[in-house]
Amino acid sequence: MKTWAKKQILASHALRLAGSVRTPRAAVLMYHSVMPDPARYSDSLGDMIHCESEFRLQMELIARHYQPLSMDDLVDALQNGKGLPKRSVVITFDDGYTDNSEIAAPILNDFGIPSTFYITVDCVERRTLPWPSRLRYAFRNTRRSLWTDAQNKAWTLDNPRNRQDALLSACDDCCQLTGQVQEVFVMRIERELESQLPNQLSDLMMTYDQIRSLARQGHIVGSHTMTHPNMAYINDGDARTELAESKRRLEAQLNTQVKHFAYPCPAMSPHWNELTTEKARAVGYASAVTTNSGLVGFGDNLLHLNRVKPTKTLHGLQWNLECAFAGRRV
Ligand SMILES: [Zn+2]
């Protein structure tokens, strides 16, 4: 639908009326990064970055026209069947980028909006971006015209389309690896492509000081695993380490309980299953969010909650939310 048509429908409040008669459900928005100039880091972070000015407008919209909730409040309402306030919105950030602390948090604080920040613990401790960003950078910036993968298949890298295909294939392999094995895999590709992230990009990950500061400001810190694998494709022992060790380290650094988890969603589908949700529960998480699209409500399993991917513009987000609350697909 054209933008002007969407604006007409939003202005008519028809969607809002449709939503007002439904049992209240909440939209959990999934952000990653907020920067003044998203194009500057598109070779590493891809299209995960929201423009700072547009993000400010989006938060103003949420503060004025929706009911911001914290993840703790959402879990409490769903667990106890207390009922959700109408038009509830929960803000979340995945991965643990520095801009979450330096740019997003001050904006959230200006509008009194609580947020949950899910941290990829190994990346914070080793000052390196999650592996999908490292591989994206290597494939986009290599000068090599040919690459041979682990199965001995040759990939031509002579145009952006072919590079993207080779990257996606490498991601399918890498998402099944964790820890040191994953690191060796990524370093081998960086070496073969003679292309690796510039050192200054290590500043894109938050420090523990910044993460502690977010907690002091009243925001919630959760886990996004140790090394960002696809949890549905790794073995039991590795899954337990990703869930439990990340929780333990964050708790030691923050001196508080870490109760919330976000499943990484790299490459293959699905990115969670009934077994992974039971492991998350056994390790002691009260909630886990996925990247499955939709609202959440009473009766949902708290260990695999849907989220809504916020589009990059103010009106795009308003359209996302009004359609979702009116019961249309998001
Ligand atoms: Zn992630």
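Worth knowing before you read on, the calculation uses all heavy atoms, side chains too, and leaves out hydrogens, waters and symmetry mates. All of these numbers come straight from a predicted model, not from anything done at the bench. All ligand and atom numbering here is 1-based and tracks the order in the structure.
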Asks: Is there a chain of hydrophobic side chains (I, L, V, M, F, W, Y, each step under 4.5 Å between heavy atoms) that links L295 to W272?
Replies: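 Linked within one cluster.
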
Asks: If only side-chain N and O atoms count, and only distance matters, is there a donor-acceptor pair under 3.5 Å linking N162 with T156?
Replies: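 Their side chains do contain a donor-acceptor pair, which is all the 3.5 Å distance test asks for.
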
Asks: Applying the ring-ring contact (aromatic ring centres under 6.0 Å, His included) criterion to Y31, which one of F117, Y97, F55 satisfies it?
Replies: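 With Y31 as partner, F117, Y97, F55 yield a single ring-ring contact (aromatic ring centres under 6.0 Å, His included), made by F55.
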
Asks: Please find out if less than 6.0 Å separates the ring center of W147 from that of F139.
Replies: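 Yes, ring centres under 6.0 Å apart.
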
Asks: Are Y118 and I113 connected into the same hydrophobic cluster when the rule is that any two of I, L, V, M, F, W, Y join if their side-chain heavy atoms are below 4.5 Å apart?
Replies: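 They do share one cluster, since a chain of ILVMFWY contacts under 4.5 Å joins I113 to Y118.
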
Asks: Compute whether any side-chain donor of one residue and acceptor of the other, for T120 and H224, lie under 3.5 angstrom apart.
Replies: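 Per modelled atom types, T120 and H224 side chains form no pair under 3.5 Å.
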
Asks: Which protein N, O or S atoms lie under 2.8 Å from the Zn ion (ligand 1), given by chain and residue number?
Replies: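 The answer, once waters are left aside, is D95 OD1, H224 NE2, H228 NE2.
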
